[in-house]
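Structure record follows, encoded as structure tokens.
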Amino acid sequence: MSLPEELRARAVRLRADLERYAHAYYVLDAPLVPDAEYDRLFSELEALETSHPELASADSPTQRVGGAPLEGFREVAHRLPMLSLANAFDDEAVQAFDRRVREGLAAAGRDPEAAVEYSAEPKFDGLAVSLTYIGGVLAVGATRGDGHAGEDVTANLRTLPAIPLRIDTDRPRLEVRGEVLMRRRDFERLNAIQRERGEREFANPRNAAAGSLRQLDPRITAGRRLFFYAYAVADEDMDSLPARGHGALMDWLAGLRFPVSAERARVRGLDGLLAYYRGIGARRDALPYDIDGVVYKVDALDEQRTLGFVSRAPRFAIAHKFPAQEALTELLDIEVQVGRTGALTPVARLAPVFVGGVTVTNATLHNEDEVRRKEVRIGDTVVVRRAGDVIPEVVGVAPDRPRGSGLFVMPDRCPVCGSAVSRPEGEAIARCTGGLFCAAQRKQALLHYASRRAMDIEGLGEKLVDQLVDGGRVRTPADLYRLDPQALAGLERMGEKSAANLLAAIEASRTRPLSRLVFALGIRNVGETTARDLARAFGSLQALGAAREEDLLQVPEVGPVIAQAIQGFFAEAHNREVIDALLAAGVAPRAEAVPPPGATPGASAIAGRTFVLTGTLPTLTRDEARALIEAAGGKVTGSVSRKTDFVVAGEEAGSKLERARELGVAVLDEAGLRERLGGQGQPDAPGGASD
DNA sequence: CAGCCTCGAGTTCT
DNA sequence: CTCGAGGCTG
């Protein structure tokens, strides 16, 4: 009854050979056998496993074609967090990194003048994953997720020919980390197929890789030709690894048949780092895959340990990013948009152009002066960049190209309502004087009123406001509270369900705190912060409306300009009418919670301190983090200065983190923040409670 | 009065 | 995120 031993041996042999051939073919690009021979062996193994199911095994190459679809992805906790790297955008930041490394190592007795040995490698533009091998067999493959827990994508990762299913090691457990990416050639091929099938093309290889890895059906992933490069080993006990340096560790992984970058190098000191960066930069376009920079790591593992970690990033490594990608395109037109305050903003309409991974068609030109400074004319070829890698920006006119002839002139009449345009002496911004007579301003005012930070009316977006205003159903925020299902019926994309949801959202907004209502009114120069201060100081809309200038000036942040704006707002008959109508419609702002008055100094690590948030935190949104800090009596501001007590940095933290370092401001990660928040509210001094 | 610190406002794309 | 400008401080 027991299976003939020779069949089992044959299966083992076939698997080993097929894996070796696949590695040679996909990873080394040097096939050992003809394709036909590979196919023959593959079929033999398949037949063997089908006729003897007890021979089947998760580490078999036959598994690479992908199994049955999953319902969803399981969450996997990372034993060691998957950290992100600090970024350097220029040579100075790299120099500072090298200096910090030498200083850090000097504390452990090393000569601070001696050049440090670094490993350098390309920074792949893909997705970080972790592969766990138990007893030499790939057991779990997970995405990075928030760094602490990711998604179990084992079934999908098994389909990648570049990832070994079984490795030759006696380590009971090995966790290898690396990047899943799609090479450009495979990306082109995939898009050609998508195009043929009339399906959506992917914007860039990174998106294609991400989309392919997150398929619930592994058979789809199998058809996508994803690749993998290993770049780290995660182990609590680095001493147990058979290598003392990062470079040697990568060599060891290569020996286990993991693909490792052929571009990696070991270099010495700052000069070595910068030379490597320039070398890779020059060859960037010739590489078979996209990269967005290079990564430097202190090579010696014991030195890495000495340096340790700051907040969520290792101190021994840094990513040196390439400058924001630029592209040339034609400036088709300059249109003028009208904002909530009537501000006229010139917007560049561009021939669609691919920059830094997305197609850009619009870019703000800020104001008239900006257009003049950049000397752009309609018809020009312009240089477009994604500033801070997000918001598109017209850098200027492309040199050596025929110039366009369309000179931009700020219109003297509002393009929406035809009112006069005024630009006060000394101000950069031209404004429509139409006020709420202007449909554009009315729409923007409504959108502002409904926005998340104001009255938070979910579902009231641009499309809907356009219809409501154009159809004459809504003129002021007060009109929103008079809407009923009939008024909404017949609008585009507005079924019964959506209508009910919208009405419920409007209903719910009646009891928002006073500070939000004050902000929602859209008084010039009164933003969120000032609105809150005003709400606290006056306690009701009536009191605010009746306030004398000298009372207003008592409020922090309020000077003569803002005091005037507030008085001017309430002096307008129209505004008083809207406020009366709002109150009559049942808008009843909740009384403001009184802030914890100063608390006892030192009673909390939060109260009275100033925080700046940057980057993406693992579990909190920016608003949530801010709410927690404010609830604990702390303050959140937007920019880092000497007065900042803490910078809370998440992933992809940029310039603010840099500035925090420059100024020596303390940096926390989310865990550090929670720790400090945790002390808050817990009576850690029993008997000392004063309430 | 200068310079710093904040706040407000506008904006892209998926 | 970045710019412009109001408010505050030395």
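We name chains A, B, ... by the order of the sequence lines, and we start the count at 1 in each one. The structure displayed is predicted, hence computed values, not measured ones.
The side chain to side chain contact (heavy atoms under 4.5 Å, CB included) with A:Leu365 is formed by just one residue from the set A:Ile334, A:Val347, A:Val336; it is A:Ile334.
Rounding to whole angstrom units, CD1 of residue A:Ile429 and P of C:dT2 are separated by 17 Å. Between A:Gln444 atom CD and B:dG10 atom P there is a gap of 8 Å when expressed in whole angstrom units. Here B:dC7 presents its P atom at 15 Å from CD1 of A:Ile566, a figure rounded to the nearest Å. Atom CD of A:Glu370 and atom P of C:dG4 are 7 Å apart (whole Å). Nucleotide B:dA9 holds its C1' atom 15 Å from the CD1 atom of A:Ile523, rounded to whole Å. Summarising the geometry, the separation between CG on A:Asp369 and P on C:dG4 is reported as 9 Å, rounded to the nearest angstrom. In this structure, A:Arg532 atom CZ and B:dT6 atom P are separated by 15 Å, rounded to whole Å. To the nearest angstrom, C1' of B:dG8 lies 16 Å from CG of A:Leu521.
For residues 614-648 of chain A, the ring-ring contact (aromatic ring centres under 6.0 Å, His included) pairs, not counting sequence neighbours, are A:Phe611-A:Phe646. Residues in residues 334-346 of chain A take part in these salt bridge (Lys or Arg N to Asp or Glu O under 4.0 Å) pairs, two or more places apart or across chains: A:Glu335-A:Arg349. The stretch residues 514-534 of chain A participates, sequence neighbours left out, in these ring-ring contact (aromatic ring centres under 6.0 Å, His included) pairs: A:His448-A:Phe519.
One finds a side-chain N or O of A:Gln337 lying less than 4.0 angstrom from the OP1 or OP2 phosphate oxygen of B:dT11. The side chain of A:Thr361 contributes no N or O atom lying less than 4.0 Å from OP1 or OP2 of B:dT12. Between A:Thr345 and the phosphate of B:dT11, there is a side-chain N or O to OP1/OP2 separation shorter than 4.0 Å. In this structure, A:Thr530 reaches the B:dG8 phosphate: one of its side-chain N or O atoms is under 4.0 Å from OP1 or OP2. Side-chain nitrogen and oxygen atoms of A:Asn362 include at least one within less than 4.0 Å of the OP1 or OP2 phosphate oxygen of B:dC13. Taking side-chain N and O atoms only, A:Arg524 has no distance below 4.0 Å to OP1 or OP2 of B:dG8.
In this structure, the side chain to side chain contact (heavy atoms under 4.5 Å, CB included) partners of A:Pro589, at least two apart in sequence or on a different chain, are A:Leu514, A:Leu517, A:Val587.
Between B:dA9, B:dG10, B:dT6, one nucleotide has an atom nearer to the side chain of A:Thr637 than all others, and that is B:dT6. For A:Ser641, the side-chain atoms get nearest to B:dC5 when compared with the rest of B:dA9, B:dT12, B:dC5.
Residues A:Phe73 and A:Val153 are in side-chain contact: their nearest non-hydrogen atoms beyond the backbone lie under 4.5 Å apart.
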I'd like a list of close polar pairs between nucleotides 6-9 of chain C and the protein, N/O only, cut-off under 3.5 Å.
residue, atom, partner, partner atom, Å
C:dG7, OP1, A:Gly559, N, 2.5
C:dG7, OP1, A:Gly559, O, 3.2
C:dG7, OP1, A:Ile562, N, 3.3

Listing, residues 432-443 of chain A side-chain donor-acceptor contacts under 3.5 Å, not counting sequence neighbours, or none:
residue, atom, partner, partner atom, Å
A:Thr433, OG1, A:Ala420, O, 2.7
A:Gln441, NE2, A:Cys432, O, 3.4
A:Arg442, NH1, A:Leu436, O, 2.9
A:Arg442, NH1, A:Phe437, O, 3.4
A:Lys443, NZ, A:Asp466, OD1, 3.3
A:Lys443, NZ, A:Asp470, OD1, 3.2

